[in-house]
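Structure record follows, encoded as structure tokens.
Protein chains get the first letters and strands the later ones, always in sequence-line order, with residue 1 at the start of each.
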Amino acid sequence: MTTPAEQFKSAARRLTRDLVHRERIQTALGKYEVKRDEMKARFQAWEGARAAAAAIKAGALRHLDRHLEDFVARLEARGTRVHWAGTAEQACQIIVDLCRERGAKTVVKSKAMTAEEIHLNEALAHAGFEVVESDLGEFIVQLRGEPPYHIVFPAMHLTRGEIREVFARKLGDAPSDDPEQLTLVARRVLRRKYLEADVGITGANFAVAETGMISVTENEGNARLTAALPRTMITLVGIEKVVPRLADLALLLPMLATAGAGQLLSGYNTLYGGPRQPGEADGPEEFHVVLLDNHRTTLLADAEQRDALRCIRCGACLNVCPIFRNVGGQAYGTTYPGPIGSVITPHLRGLREWQHLPFASTLCGACTEVCPVQIDLHHHLLQLRRHARAQRPVWWERLAFRVFAAVVNSPRLWRAVLALGRLGQKFHGAVQATRLDPARAWTQSREAPRLAPQSFKQWWRQRA
Amino acid sequence: MNARDAILGRIREALRVPAPRSEPAAAPADFTALLPRVGATFAEQVAAFATASRELRTEFHWVEDEVAARAELERLRETAGWRRVAAHRGAQVAPLVEALGLPVLWTDGGYDRRELERCDAGLTQCDALVAQTGSVVVTSASAGGRVLSVLPPHHVVLARREQLVPDLPAAFHLLREKYGANYPSMISFITGPSRTGDIERILVLGAHGPRRLTVLCW
């Protein structure tokens, strides 16, 4: 069996050389960047907004226990059943049991990364339920039997031709590869499912403690229908999603949309505070909220990296990450790819197996710069590297750094090594990127930087 | 120990260690000065809503009075070829819908969803229009339930001019004033017709919800 580290390395090696794949991601993310910058510029104070959003989420985490208790008490007061799940398995079991007790056959789902995290679809399918993803991108990757490629744009790696192909194969309906036509096919198929489904499952972007509501952000209206048509509605929400006040959303919703998709506000931002209330025309008879820990409290206990729980899953850090932009979302083998994924996955799934992730970074800091809630991402990546090496030291690395330290501490040795390097460089061209090349690990996919023919000191002396 | 107590216990245990680095200062109580600027006058706010609508491809009609609104609705009925519409019995919407002379499915007190699926348009009231973002705020109480504003292929909002609020903080303030502790079970900020960019990041309208969103305000 291959380890996650081996899997990541081999996928990354393959994908960085796949120029077509790289071109596709860069094109898609290029379009996003233009829109995001346009929306950011409309804010009177984007940096101030980031600081305020960070403060809201930090304040929420500081009193997480109290806010959660408020959130739950208010939901329960209006007829919602709240379930607490310590682990992914418990959350799946709760949801499977709820579906089973209601004699459900079909379950319709709107996009939820927490559901990906706990592998809810597999658990439901295993228990014999038909699960239909209703978000178009999720629907497409579900038909292809793939995990989502990106936490906001699940099918951004696919061309219309590939989407047409899977529609033709799985749905027997693909009139053309026009995006509008393809969307219409999905709309038709999913409409039937909505009307049949017994249970609707959603995620949540925020959980409002003050009023006991969950907030769902989307563009298509699929979550609106998921939360309206089936008799039973279930929402799976991570415990870190809580915000204290309803009015906090006046800031957080536009920031999520701007950072996430370059929109000022997403198409539908909807709050749900209970099942159908007396006097209302429709809505589910039952509303269940499943609160998920699944090692979020492990991350909370790491005071240094606790701020990673502020994450609103906008995906902005993925979009600017030079690693993500080259290897793409599926190489990581994690639910959450990119910088945020590399920070939280070692906490959620264990550093021992996932310690390679913090090394998949150039530490350029672009992620930290764009994060709308000011998570110190690249600092955490660096710190995780330190933890990883402390846990499992690498002898040759330690030796190499010891030698390096000795060389740079002695001007004489330093000059000698440079002279040697300049000499060696003359012959390097002959062996470059071959097996004889001592720098092969670097040169097989990159150009080696060249030493200047003389040092600054030498040049200065000559000049005088 | 049950799961609830176990999770709350782990949270309390974790929070006993304060974060070592400086935490961000408290957020300002009002976000207005951070968010996109909206003009102070009513005319500027109407203009902002109109601009946002154009960008979002919402069809926004600012009309003189109820008579003009009725005429606009009749024009829509003809150009869009409505044969059957759905609505709720709100004071602002019911008389206008009845005047259309079409078969109407009323959602109040329950309805057949397959019948609703066959309607060409859903007509609703709203709680507010947000100038800053071009959003329409609806609730399960104000807009005939959860489904009416999202299932039919065309959503028509009938709004009064005093329902226009400048920005998002004002919209949340209005919701609190209006509903207090008794919020409807659903509150939705609708910003443009249903859309997706999931295929090659190309914008397509009418993904699951309405392809057309019309806001008629007088």
As an exercise: rank [options] by heavy-atom pairs under 4.5 Å with chain B and give me the winner.
{"options": "A/Arg78, A/Arg24, A/Gln277", "result": "A/Arg78"}
{"options": "A/Leu249, A/Leu68, A/Leu158", "result": "A/Leu249"}
{"options": "A/Lys31, A/Gln90, A/Arg191, A/Arg66", "result": "A/Arg191"}
{"options": "A/Thr298, A/Leu246, A/Ile163, A/Ile56", "result": "A/Leu246"}
{"options": "A/Val72, A/Asp307, A/Asp376", "result": "A/Asp376"}
{"options": "A/Gly79, A/Ala53, A/Ala28, A/Ala49", "result": "A/Ala49"}

Can you tell if the side chain of B/Ile199 reaches within under 4.5 Å of the side chain of B/Val204, non-hydrogen atoms only?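 B/Ile199 vs B/Val204: side chains apart.
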Using non-hydrogen atoms and a 4.5 Å limit, figure out which bit of [X] sits close to chain B: side chain, backbone, both or neither.
{"X": "A/Ser266", "result": "backbone"}
{"X": "A/Thr159", "result": "both"}
{"X": "A/Arg245", "result": "side chain"}

Of the listed residues ([options]), which shares the most heavy-atom pairs with chain A below a 4.5 Å separation?
{"options": "B/Ile202, B/Leu175, B/Leu8, B/Val138", "answer": "B/Leu8"}
{"options": "B/Ala33, B/Pro28, B/Pro18", "answer": "B/Ala33"}
{"options": "B/Arg201, B/Arg146, B/Arg211", "answer": "B/Arg146"}
{"options": "B/Arg16, B/Arg176, B/Glu13, B/His173", "answer": "B/Arg176"}
{"options": "B/Ala27, B/Ala207, B/Ala19, B/Gly145", "answer": "B/Ala207"}
{"options": "B/Ser140, B/Gly192, B/Gly144", "answer": "B/Ser140"}

Minimal non-hydrogen separation, A/Leu264 against B/Gln132, with atom names: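 Smallest heavy-atom distance, with atoms named: CD2-O, 3.7 Å.
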Side chain, backbone, both or neither: which part of [X] has a non-hydrogen atom closer than 4.5 Å to chain A?
{"X": "B/Pro184", "value": "both"}
{"X": "B/Phe31", "value": "side chain"}
{"X": "B/Arg114", "value": "side chain"}
{"X": "B/Ala29", "value": "backbone"}
{"X": "B/Phe189", "value": "both"}
{"X": "B/Thr32", "value": "backbone"}

With a 6.0 Å cut-off on the ring centroids, do B/Phe60 and B/Phe49 count as close?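 Yes, ring centres under 6.0 Å apart.
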Could you point out which residue of A/Arg296, A/Arg306, A/Arg310 forms a salt bridge (charged side-chain N to carboxylate O under 4.0 Å, His left out) with A/Glu240?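 Between A/Glu240 and the candidates, salt bridge (charged side-chain N to carboxylate O under 4.0 Å, His left out) is satisfied uniquely by A/Arg296.
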Answer with yes or no whether the side chains of B/Thr214 and B/His154 bring together a donor and an acceptor at under 3.5 Å.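 Indeed, the side chains of B/His154 and B/Thr214 share at least one donor-acceptor pair under 3.5 Å.
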